[in-house]
Amino acid sequence: MKNMDLPGLTIKDALEGFAEKKFSSREIIESIVLRIKKLNPELKVFLSDFYVDAINYSKKENTLLKGLPLVVKDNILTRKFKTTAASKLLSDFQPVYNATVVNKVLDNGGTIIGKTNMDAWAHGSSTETSDFGSTLNPWDTSRLPGGSSGGSAAAVAADLCIFALGTETAGSIRQPASWCGVVGLKPSYGLVSRYGIIAMASSTDSPGPITKTVWDAAFILNIISGNDPYDATSINVSKKDYTKELDHSISGVRIGVPKEYFSDKIDSQVKQTVMSSLKNLEKMGAQLKEISLLDPEYAIATYTIIQRSEVSSNLARYDGVRFGHDRSFFGEEARRRIMLGTYTLSSGYYDAFYRKAEKVRTLIINDFQKAFENVDLIAGPVSPTTALPVGATDGQSMFGEIADMLVEPSSIAGLPGISVPCGFVNNLPVGLGLIGARLSEELILRVAHQYEQSTDWHKRKPKLTL
Amino acid sequence: MTVLSQEEVKHVAKLAKLNIKDEDLEKIGSQLSETIAFVNELSDLDNETSKLGETHQVSGLNNVFREDTVVESRVLTQEEALRNNKNTYRGYFVVDKIF
């Protein structure tokens, strides 16, 4: 199969190609490994380079994924491979079991070819706080890929895999997907098991797919969703085929456009790009409705308290006894977050900070519920800017929170959301964000899919020199 | 604006079991104070939240139980349990003295 762009395949195209016997998964993996060897030294997507072994276990004809190669964010436990969460504290940590999402992709014939870079402990929105150096954005290597799932998003954008798994606590799938021009789906909290994910903020952590198209995201959600007895926050809903209704009409779907998500804190060209994508949806039959939501600034403050508090508790387990090095190996960002969380949970401050934040969380949930009485989805930019230059996080203790201001409210409320490519500003990708009520993944995917199919943004590829 | 004193930073570091060098106390103190000043804006919403309950989790689930049985497939062997430990003695974890 010479002259075919195998690394650039989507899951759907690959499965169709297999059916027509155009190529094999082994050929795809081999061409991707070759590409990784050429591009990874510059992009620095991978934290471990075991992809050379991948070819040995790619015979999985009778499975859903038929051996297709994926990459996995390095805070997701993999028994065969070192898992570091991009922290030196776990630089030699060898998990003794797989995360549930890993077992699900392996059982369905996925071939894991690499573990991807991220902000250390997923604390950030740039991948720049990785203890092992930042990944670079394939669209412009002087810029950041976003984060914390920056390595996974960059790998999908640069065709170093067919799809990726990431995790999101508040923006960590959608924001890097937006900055890298790929699709990122953050499922409803509880729809995808957290078992085996290195815990960050347990009350919002949500694993999800990063893919080249919306159809692919729906296909992977079919595989990774579902109740897991090992995660007590995993919900029990009947299995669905999320690809089934992607082509059903979107006529009459009411899309709320919150004016607070188009404030003057958002880059004007990003706003224009997203607005024109919404006009496009309107032409396709959707109804746009201006709505008003709580100022996202309050969600930033709420999220900051909740996240730091949960981090201080979750990272208490790193005592150097059962795994990892001792606590002196925590980087600056992790120490800052642990200390702030310790402070907000400590005696005398618990009521003023933690308890108050958990009340505002209720307010945010109610605010969304009220909005969803009149609209079916809420749309806006995923990120206030396009990809920022390397070094943007220097000395910015609230960088991630500002970068994620438009996705934090929905994360706190446990709602599902997607980032789908909707255009470019100065050759950098922009993501359209769609947020729905809890468990409205089918509707989100359907609208995102039909928008995507009406454009060719998802077909554009970064120019990378091999 | 709340400003954390160096003593307070030391106290929080002790609670969090982190060693902070004396020369870093001021920097960390001012970064923490900056974040605290930012999150203090939640007080604007005191009227709206005064009658609201707290939300600790959003799964919609309550009291998830399971049978109190051993799941063999999930049991770690002694070797697995100790695999990532750097200090063992005859198959046990070695920890610092508590008393």
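These numbers come from a predicted model, not from an experiment. Chain identifiers are assigned alphabetically (A, B, ...) following the order of the sequence lines, protein sequences preceding nucleic acid strands; residue numbering begins at 1 within each chain.
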Asks: Taking the side chain as every heavy atom from C-beta outward, state whether A:Phe353 and B:Val39 have any atom pair closer than 4.5 Å.
Replies: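 A:Phe353 vs B:Val39: side chains touch.
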Asks: Measure from NZ or CZ of B:Arg74 to the centre of the six-membered ring of A:Tyr230, then state whether that distance is under 6.0 Å and the direction lies within 45° of the axis.
Replies: yes
Asks: When heavy-atom pairs shorter than 4.5 Å are enumerated against chain B, which of A:Thr233, A:Asn366, A:Leu294 gives the highest number?
Replies: A:Thr233
Asks: Compare every heavy atom of A:Ile338 with every heavy atom of B:Ala16, then report the nearest pair and how far apart it is.
Replies: CB-CG2, 3.7 Å
Asks: With only heavy atoms counted, which part of B:Asn87 is less than 4.5 Å from chain A, the side chain, the backbone, both or neither?
Replies: neither
Asks: Between A:Arg361 and B:Gln57, which heavy-atom pair has the shortest distance, and what is it?
Replies: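 Taking A:Arg361 first and B:Gln57 second, the nearest heavy atoms are NH1-N, 4.1 Å.
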Asks: So which atom in A:Val321 and which in B:Val94 form the shortest heavy-atom distance, rounded to 0.1 Å?
Replies: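 That would be CG1-O, 4.5 Å.
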Asks: Counting only non-hydrogen atoms closer than 4.5 Å, does B:Leu82 touch chain A with its backbone (N, CA, C, O), its side chain (CB onward), both, or neither?
Replies: neither
Asks: Can you tell me which portion of A:Tyr318 sits under 4.5 Å from chain B's heavy atoms? Options are side chain, backbone, both or neither.
Replies: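 Nothing of A:Tyr318, per the 4.5 Å heavy-atom cut-off to chain B.
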Asks: Against chain B, label A:Glu297 side chain, backbone, both or neither, depending on which of its atoms sit under 4.5 Å from a heavy atom there.
Replies: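 Both parts, backbone and side chain.
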Asks: Residues of residues 189-205 of chain A under 4.5 Å from chain B (heavy atom pairs)?
Replies: A:Tyr189, A:Tyr195, A:Ser203
Asks: Contact between B:Thr49 and A:Thr362 at the side-chain level, heavy atoms closer than 4.5 Å - yes or no?
Replies: no
Asks: Using heavy-atom distances under 4.5 Å, tell me whether B:Val9 contacts chain A through its side chain, its backbone, both, or neither.
Replies: both
Asks: Which distance, rounded to the nearest 0.5 Å, do you find between the CD1 of B:Ile36 and the OG1 of A:Thr304?
Replies: 11.5 Å
Asks: For A:Ala413, is it the side chain, the backbone, both, or neither that has a heavy atom closer than 4.5 Å to a heavy atom of chain B?
Replies: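 Contact with chain B is through the backbone of A:Ala413 alone.
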Asks: Can you check whether A:Lys356 reaches B:Asp46 side chain to side chain, under 4.5 Å on heavy atoms?
Replies: yes
Asks: Is the closest side-chain heavy-atom distance between A:Arg322 and B:Asn84 below 4.5 Å?
Replies: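 In short, these two side chains do not touch, never coming nearer than 4.5 Å.
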Asks: Tell me, please, which residues at least two apart from A:Asp131 pass side chain to side chain donor-acceptor pair (under 3.5 Å).
Replies: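 Side chain to side chain donor-acceptor pair (under 3.5 Å) list for A:Asp131, sorted by chain: empty.
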Asks: Shorter than 4.5 Å, heavy atoms on both sides: which option in A:Asn236, A:Ile364, A:Ile305 has the most such pairs with chain B?
Replies: A:Ile305
Asks: Measure B:Leu52 against the heavy atoms of chain A and call it side chain, backbone, both or neither at under 4.5 Å.
Replies: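 For B:Leu52, the contact with chain A is made by backbone and side chain together.
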Asks: Most heavy-atom pairs under 4.5 angstrom with chain B, which of A:Tyr97, A:Phe330, A:Phe323?
Replies: A:Phe323
Asks: Going by heavy atoms in the side chains, are A:Met339 and B:Ile28 under 4.5 Å from each other?
Replies: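 Yes; the side chains approach each other to less than 4.5 Å.
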Asks: Hey, are B:Lys86 and A:Asp92 close enough for a salt bridge, meaning a charged N less than 4.0 Å from a carboxylate O?
Replies: yes
Asks: Short question: side chain of A:Thr342, backbone of B:Val12 - any donor-acceptor pair under 3.5 Å?
Replies: no
Asks: Using heavy-atom distances under 4.5 Å, tell me whether B:Asp96 contacts chain A through its side chain, its backbone, both, or neither.
Replies: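 B:Asp96 has no heavy atom closer than 4.5 Å to chain A.
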Asks: Can you confirm whether B:Leu15 sits close enough to A:Tyr343 that some side-chain heavy atom of one is under 4.5 Å from a side-chain heavy atom of the other?
Replies: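 The answer is no; the side chains never approach within 4.5 Å.
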Asks: Under 3.5 Å, is there a donor-acceptor pair between the A:Lys359 and B:Ser50 side chains?
Replies: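 No, no side-chain donor-acceptor pair sits under 3.5 Å.
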Asks: Can you tell which part of A:Ile365 gets under 4.5 Å to a heavy atom of chain B, answering side chain, backbone, both or neither?
Replies: side chain
Asks: Give the member of A:Ser234, A:Gly324, A:Gly414 that has the highest number of heavy-atom pairs under 4.5 Å with chain B.
Replies: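 Top count of heavy-atom pairs under 4.5 Å with chain B: A:Gly324.
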Asks: Between B:His11 and A:Ser346, is there a side-chain heavy-atom distance shorter than 4.5 Å?
Replies: no
Asks: Hey, is B:Glu34 close enough to A:Arg336 for a salt bridge, meaning N to O under 4.0 Å?
Replies: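 Judged by the 4.0 Å cut-off on N to carboxylate O distance, B:Glu34 and A:Arg336 do not form a salt bridge.
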Asks: Where on A:Ala232 is there a heavy atom nearer than 4.5 Å to chain B: the side chain, the backbone, both, or neither?
Replies: both
